[in-house]
2 protein chains.
Amino acid sequence: MKNGPDIARVAALIGDPARANILTALMAGKALTATELASEAGVTAQTASSHLKRLLDGGLLRLRGQGRHRYYSLSGPDVAATLESLMGLAAGHGHLRTRTGPKDAKLREARVCYNHLAGTRGVQMYRSMIQRELLSEAGDHVTLTDRGHGFISSFGIDLSAPTRSKAPLCLGCLDWSARETHLAGRLGRAMFAHMEDRDWITRGIGSRHVQFSALGQEMFEQWFPV
Amino acid sequence: MKNGPDIARVAALIGDPARANILTALMAGKALTATELASEAGVTAQTASSHLKRLLDGGLLRLRGQGRHRYYSLSGPDVAATLESLMGLAAGHGHLRTRTGPKDAKLREARVCYNHLAGTRGVQMYRSMIQRELLSEAGDHVTLTDRGHGFISSFGIDLSAPTRSKAPLCLGCLDWSARETHLAGRLGRAMFAHMEDRDWITRGIGSRHVQFSALGQEMFEQWFPV
DNA sequence: CCAATGCTTCGACTATGATCGAAGGATGAA
DNA sequence: TTCATCCTTCGATCATAGTCGAAGCATTGG
């Protein structure tokens, strides 16, 4: 009857509350064990196991077994992007899971999205880098310019390190709260990790919120002015 | 337990096969009546009615009543963008509804996506306009440059006509097949309509496929060179 | 007014799948 | 080896919601 990709299958996969909780928890980018995800989703280990199997079969998750632990993570940035897009729809039409509170405002300001910075802070960083032509956009492809390479190495990140990852260096990711692009991809993750190492930012425990330290606040404005 | 938008609600809404068919049918951009959608979805009128009610309540659809007909359409470009994103996931993970056939190849080349041009043709048009600086990208916002305004009016579209629409003039939409951006928004729709008026393109009946005429082929290459 | 069409509501049936208890396999620690 | 932890599989229960037949509104046309 119809042709094209089977959208219902994927959507139904995301459409269960327990599975949606699991996926949302994994948006933070860290790989989590099955039991951790069970508690995140608010179901027993058995139930979570069956959900994880389905998500795995559906290609949304990736599994790495380490000893008796099984670590699950999102299978790729495209999954994260789709989830953000769905969040945008849900938020735009006023279906917030909980009432909009101070926590939401914090999330809107800075949060982690699959290991890179999202929220107004993330958008600010992206805009700043675009404005100064450290990044350039062509179509949907974002690339690091020559000036950008210099900037990044002076920022303290070594991009020349060998990598076996085939993931794109730069990737635009649509922000559900700000409705603008922020930087994802390997570079986005590296910059996030770097700021974490320098104690500019700390992750909220059990939350996607990102807290800027006083130093971080100052440095961020200095490196990424509008 | 969790915070943020209620993603499961929206995803579950899209996750039913009948509703997914309805939404996919509406991706073509035209408003369709309840009975038309019922036949598209392959269910009876009663069933479709209940689905349409739910989609309406969920904010995914928009309703305009005309006489005894009720015309349903997608509530906005953000909905279309999310659907495309889901298609990308589904296609990427190999869940095609039907076997990949010639029809799919045609769809990949040129199709209508919420009343604007998508597929490799759509991407080509977008790239061409970006390259020649008729469009400029800043973050997620796409804007028509001064040169772009000149180009559009020589193309034969009058943008000075008064509009009560608050929809953005330019909007990037991620293509599920090409995985690049193509032009959506009011301008994207206007350009599509213009090419339709000039018989450069015709829509496939009951399909999202777009057929280029010989004239259209030639003109398209002339106006949007790579 | 009546008849026809488009659409929705109601009610009942049914199936899918979400859930958890219990049990079993796998790994690591002692 | 023995025990504990992590995780999965099996089986049974139960609720949600997708489906359609029948009936009821609403609108149009004669």
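Within every chain, numbering begins at 1; the chains are lettered A, B, ... in the order of the sequence lines, protein sequences first and strands thereafter.
Using a 4.5 Å cut-off on side-chain heavy atoms (C-beta onward), B:D57 and B:K53 make contact.
Using a distance-only test at 3.5 Å, with no hydrogens or angles considered, no donor-acceptor pair links the side chain of B:R198 to the main chain of B:G216. Side-chain atoms of B:T82 come within 3.5 Å of backbone N or O of B:D78 as a donor-acceptor pair.
A:Y71 is linked by a ring pair (Phe, Tyr, Trp, His ring centres under 6.0 Å) to nothing, counting only residues two or more places apart in sequence or in another chain. Not counting sequence neighbours, the partners of B:H194 by the ring pair (Phe, Tyr, Trp, His ring centres under 6.0 Å) test are B:F155. Evaluation of the side-chain contact (heavy atoms from CB on, under 4.5 Å) rule for B:T47 yields B:V43, B:T44, B:H51 as partners, not counting sequence neighbours. Residues satisfying the salt bridge (charged side-chain N to carboxylate O under 4.0 Å, His left out) test with A:R203, not counting sequence neighbours, are A:E196.
Following rounding to the nearest Å, B:H51 (NE2) and D:dA17 (P) show an atom-to-atom distance of 12 Å. The CZ atom of B:R9 sits 15 Å away from the P atom of D:dT16 (whole-angstrom rounding).
Taking the charged nitrogens against the carboxylate oxygens, B:E40 and B:R208 have no contact shorter than 4.0 Å, which rules out a salt bridge.
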Nucleic acid footprint by protein, nucleotides 2-9 of chain D - heavy-atom cut-off 4.0 Å, B for base, S for sugar-phosphate alone: --BBSSBB
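In the 5' to 3' direction, nucleotides of DNA chain C lying under 4.0 Å from heavy atoms of chain B begin and end at C:dA4 to C:dT9.
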